[in-house]
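Before any comments, here is the structure.
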Amino acid sequence: MPELPEVETVRRMLAPLVAEQRLLAVVHDDPLRYRNLDGAAGLRIKRLRRRGKYLIFDLERDLELVIHLGMSGSLRLDEGSHTRARIELEGLTVFFNDPRRFGKLLLVPAGDYAALPTLARMGPEPLSRNFTARALAGRLAGTRRPLKAALLSQEPVAGLGNIYADESLWGARLHPARRADTLAFFEVRALHRAIRSVLRRAVVLGGSTLGDGAYTRPDGEPGYFQIEHSVYGRAGEACPRCGRKIERFVLGGRSTHVCPRCQSR
DNA sequence: GCGTCGTCCTGCGCGC
DNA sequence: TGCGCGCAGGACGACG
């Protein structure tokens with residue numbers, strides 16, 4: 001599933017290819033799902049950037065083409081069997097492949113995210129200087145939700161999905177069901193450190209490619225961070241830190257993985 | 001206002 | 001072998 005490291009990998013590959021290119025058309029056959037895209041035709045792409053799990057093409061005339069890959073979406077340089085849209089540029093075509101149709105593709109005025117409330121409320125970028133332990137503490141203190149649910153909301157910090165939330169919480173020795181506003185500052189600091197270290201390492205390895213809904217890079221190559229997953233998808237296996245069996249349970253409707261010894265409540 | 005839950009969608013794995 | 005069920009996931013609207 002595309003989370004921050006996967007989306008960042010896509011951005012790094014595509015950004016140099018699309019910068020300064022003119023966008024000729026966004027072609028698709030699902031007008032109910034992908035709306036209002038005609039206005040992008042003919043505009044030059046200033047740059048491709050990432051915000052959390054969103055890819056944003058900054059266009060001329062203060063417009064943004066915003067893409068969310070959902071859970072199975074990818075941007076490819078070749079057509080796939082589940083291509084839902086083609087972004088046609090002067091020199092190349094980028095294919096939006098999305099088997100499960102959870103992805104989004106829309107054109108908005110720059111910075112106007114009324115149609116994307118999660119993007120509008122999004123917390124700081126975890127790999128930026130704005131993301132400090134103190135900032136994280138402030139945002140966690142404001143909610144009574146379970147820690148993992150809070151992280152998945154994108155409000156304390158941008159870009160974490162199910163995989164990297166589980167991995168970061170394991171790294172910080174925190175239980176996902178802990179109420180977010182009960183953390184001591186040393187625990188927030190451990191979480192802050194774990195989030196940054198997990199995401200940095202995952203970006204280096206090109207993200208995680210799993211069997212189900214497999215994410216791949218634009219050139220079709222996989223990521224390799226799944227080899228280093230400590231808990232995600234490893235129920236029944238030994239915790240890499242203490243050897244206790246990893247357990248899986250459902251929290252907020254999401255499959256969740258913990259080491260019952262390292263992550264006591 | 002806040003938190004939780006159901007829904008969207010489709011491929012795949014498993015059980016019968 | 002083949003069928004059908006259930007699960008996976010991010011975002012968001014509905015509901016309590």
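A note on names: the letters A, B, ... follow the listed sequences, proteins ahead of strands, and every chain is numbered from 1.
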Looking at [N], I'd like to know if its phosphate oxygens (OP1 or OP2) sit under 4.0 Å from a side-chain N or O belonging to [X].
X	N	result
A/R33	B/dC9	yes
A/H68	C/dG10	no
A/R254	C/dG10	yes
A/Q154	C/dA11	yes
A/H82	B/dC9	no
A/T118	C/dG10	no
A/K104	C/dG10	no

Salt bridge (charged side-chain N to carboxylate O under 4.0 Å, His left out), that's the test. Do A/E187 and A/R173 meet it? Break it down for me. CA-CA 9 Å; A/E187 293 175 306; A/R173 300 174 184 254; over 6 Å; no

[X] bridged to [Y] by N-O distance under 4.0 Å:
X	Y	answer
A/E3	A/K53	no
A/D30	A/R84	no
A/E125	A/R50	yes

Separation of atom [atom1] in [X] from atom [atom2] in [N], rounded to whole Å:
X	N	atom1	atom2	result
A/N162	C/dG9	CG	C1'	7 Å
A/R121	C/dA11	CZ	C1'	10 Å
A/L140	B/dG3	CG	P	12 Å
A/D30	B/dC8	CG	P	15 Å
A/D166	C/dA8	CG	C1'	13 Å
A/L106	C/dA11	CG	P	13 Å
A/L69	C/dA8	CG	P	22 Å
A/K148	C/dA11	NZ	P	13 Å

Per A/S255 side chain, nearest of listed nucleotides C/dC12, C/dG10, C/dA8: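 The listed nucleotide nearest to A/S255's side chain is C/dA8.
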
### Message
Using the side-chain heavy atoms of A/L116, tell me which of these nucleotides is nearest: C/dC12, B/dG3, B/dC9.
### Response
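Minimum distance to the A/L116 side chain belongs to C/dC12.
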
As its Watson-Crick or G-U partner within any shown strand, both distances under 3.5 Å, C/dC5 has B/dG13

Can A/F102 be called stacked on C/dG9 when the rule is centres closer than 5.5 Å and an angle between planes below 30°?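 Given the distance and angle limits, yes, they stack.
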
Considering every strand and a 4.0 Å limit on heavy-atom distances, what is the contact class for [X]: base, sugar-phosphate, or nothing?
X	value
A/R101	sugar-phosphate
A/S153	nothing
A/G161	sugar-phosphate

**Item:** Stepwise ring-ring contact (aromatic ring centres under 6.0 Å, His included) check, A/F249 with A/H175
**Value:** CA-CA 12 Å; A/F249 64 99; A/H175 196 281; 5.7 Å; yes

Q) How about A/R61: does its CZ atom have over 12 heavy atoms from other parts shown lying under 6.0 Å from it? A) no

